[in-house]
K.L.:
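One structure follows; several queries about it will come next.
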Amino acid sequence: MIRDWEDFLAPYEQAVSELKVKLRGIRKQYREQSKHVPIEFVTGRVKPEDSIVTKCKLRGIALDRLEEEMSDIAGLRIMCQFVEDIHQVVELLRTRKDMKVIIERDYITNKKASGYRSYHLVIEYPVQLIDGEKIIMAEIQIRTLAMNFWATIEHSLNYKYQGEFPVEIGERLRRSAEAAYQLDEEMSNIREEIQEAQRLFSHGKGQRNKRGRPQSLEEDQK
């Protein structure tokens, strides 16, 4: 039994915070080297207590087995422009020494029946605490912007219908998932042209900033 949820979740909060910094650092390094940036942006969260308890009941997980059997208490999402970027990010994370990939789920090649596409990694990540090192699991979902848009809508509808979609809604979701994937494929077909345009834009923006033009708030936050 978990007596203090704040203490239990603290290492997961630390892991999410550290991983966001590291993943955003990868993005920064690509930009500094004037290379195509495979990571568009990164988000993260720790699953709240009520969601953990609900999932435990649905999956039959004992609370004293949470650390071993629930892999998504700490969760991160990496958004990419292109499907090719997803595979590049996956390969990059496989080779890192500060985390260990223990499970891979390729829902891009093997989409779910609902139409859901994404690439999931479950990692072991060492968190340094005042009383020693603690290895925790975290889930990283890597998807394109189009995949993320669809997944966000599907998640909202799933909450409304509690997983029991009307037939028409379910079919529309599957069709829209295919439309989103076709968009990703079309963008991949003109990826080189898009990247060249982005390089030209970034170069021109950099030249203007060197001449003293103040950066916009959006530019400053990237």
Side-chain angles (χ1 to χ4, degrees), residues 12 15-47 71-96 99 101 103-112 114-123 125 138-159 173 176-199 201-202 205 216-222:
Y12 293 94
V16 169
S17 178
E18 291 178 8
L19 286 165
K20 284 196 294 186
V21 170
K22 291 180 177 183
L23 293 169
R24 289 167 180 166
I26 293 172
R27 183 181 62 184
K28 184 173 183 288
Q29 290 175 52
Y30 274 100
R31 284 180 172 160
E32 289 174 345
Q33 296 178 29
S34 299
K35 295 179 179 179
H36 169 68
V37 185
I39 296 175
E40 188 71 7
F41 63 91
V42 179
T43 63
R45 61 95 184 104
V46 172
K47 193 182 288 291
S71 62
D72 65 342
I73 296 176
L76 293 104
R77 286 180 185 158
I78 300 174
M79 254 56 72
C80 305
Q81 286 188 338
F82 306 104
V83 174
E84 291 82 0
D85 293 341
I86 294 175
H87 299 297
Q88 183 178 350
V89 171
V90 169
E91 186 57 35
L92 189 154
L93 296 180
R94 285 178 185 145
T95 61
R96 286 187 69 96
M99 65 184 74
V101 176
I103 299 173
E104 295 190 31
R105 300 186 180 101
D106 183 357
Y107 296 123
I108 298 174
T109 303
N110 306 293
K111 66 179 179 181
K112 290 188 176 182
S114 63
Y116 176 85
R117 285 182 170 93
S118 185
Y119 204 109
H120 293 194
L121 300 176
V122 176
I123 64 169
Y125 181 75
E139 183 181 72
I140 302 176
Q141 299 177 355
I142 312 165
R143 49 177 77 150
T144 64
L145 298 169
M147 291 175 191
N148 189 61
F149 172 72
W150 183 92
T152 301
I153 299 301
E154 193 268 351
H155 180 77
S156 298
L157 289 171
N158 191 56
Y159 182 81
L173 277 172
S176 62
E178 288 307 309
Y181 192 63
Q182 287 175 17
L183 173 61
D184 279 333
E185 288 186 320
E186 288 298 326
M187 292 300 101
S188 290
N189 289 336
I190 57 172
R191 179 164 55 104
E192 291 184 3
E193 286 79 3
I194 293 172
Q195 291 174 352
E196 177 63 22
Q198 290 172 338
R199 282 193 293 270
F201 177 77
S202 296
K205 184 171 64 176
S216 68
L217 177 62
E218 180 183 1
E219 289 168 348
D220 188 54
Q221 290 177 337
K222 290 184 177 180

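Predicted model, so just to flag it, every value in this text is computed and none were measured.
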K.L.:
Any side-chain heavy-atom pair from R31 and R27 closer than 4.5 angstrom?
P.N.:
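R31 vs R27: side chains touch.
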K.L.:
For T109, does its backbone N or O pair with a side-chain atom of D106 as donor and acceptor, under 3.5 Å?
P.N.:
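The answer is yes, because a donor-acceptor pair under 3.5 Å joins these two groups.
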K.L.:
When you measure from the side chain of W150 to the backbone of Y181, do you find a donor-acceptor pair of N or O atoms at a distance under 3.5 Å?
P.N.:
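Not confirmed, W150 side chain does not pair with Y181 backbone.
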K.L.:
Do R143 and Q141 have side-chain atoms, one donor and one acceptor, less than 3.5 Å apart?
P.N.:
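Side chains of R143 and Q141: pair found under 3.5 Å.
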K.L.:
Just jot down the salt bridge (Lys or Arg N to Asp or Glu O under 4.0 Å) partners of R24, sequence neighbours excluded, or say none.
P.N.:
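Applying salt bridge (Lys or Arg N to Asp or Glu O under 4.0 Å) to R24 gives none.
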K.L.:
Could you tell me whether a side-chain N or O of R77 sits under 3.5 Å from a main-chain N or O of I142, the two making a donor and an acceptor?
P.N.:
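Here the side-chain-to-backbone pair does not exist.
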K.L.:
Only one of L76, L93, L19 passes side-chain contact (heavy atoms from CB on, under 4.5 Å) with I123; say which it is.
P.N.:
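Option passing the side-chain contact (heavy atoms from CB on, under 4.5 Å) with I123: L19.
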K.L.:
Are R94 and E104 within salt-bridge range, i.e. N to O under 4.0 Å?
P.N.:
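Between E104 and R94 there is a salt bridge, with a charged N closer than 4.0 Å to a carboxylate O.
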K.L.:
Q81 and T144: side chain to side chain donor-acceptor pair (under 3.5 Å), yes or no, with the steps?
P.N.:
CA-CA 6 Å; Q81 286 188 338; T144 64; over 6 Å; no
K.L.:
Any chance the rings of H120 and Y107 have centres within less than 6.0 Å?
P.N.:
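Judged by ring-centre distance (under 6.0 Å), H120 and Y107 do meet the cut-off.
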K.L.:
For the residue pair F82 and H36, does the interplanar ring angle fall in the parallel (under 30°), tilted (30 to 60°) or perpendicular (over 60°) class?
P.N.:
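Taking H36 first and then F82, their aromatic rings sit tilted (interplane angle of 30° to 60°).
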K.L.:
Say you draw a straight line from CD1 of I86 to CD of Q88; how long is it, rounded to the nearest 0.5 Å?
P.N.:
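The distance works out to 11.5 Å.
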K.L.:
Is the count of non-hydrogen atoms from other residues, nucleotides or ligands lying under 6.0 Å from E32 atom CD greater than 12?
P.N.:
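Enclosed: over 12 neighbouring heavy atoms sit under 6.0 Å from CD of E32.
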K.L.:
For the backbone of L92 and the side chain of T95, can you confirm whether one donor and one acceptor N or O come within less than 3.5 Å of each other?
P.N.:
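Side chain of T95 to backbone of L92: a pair is present.
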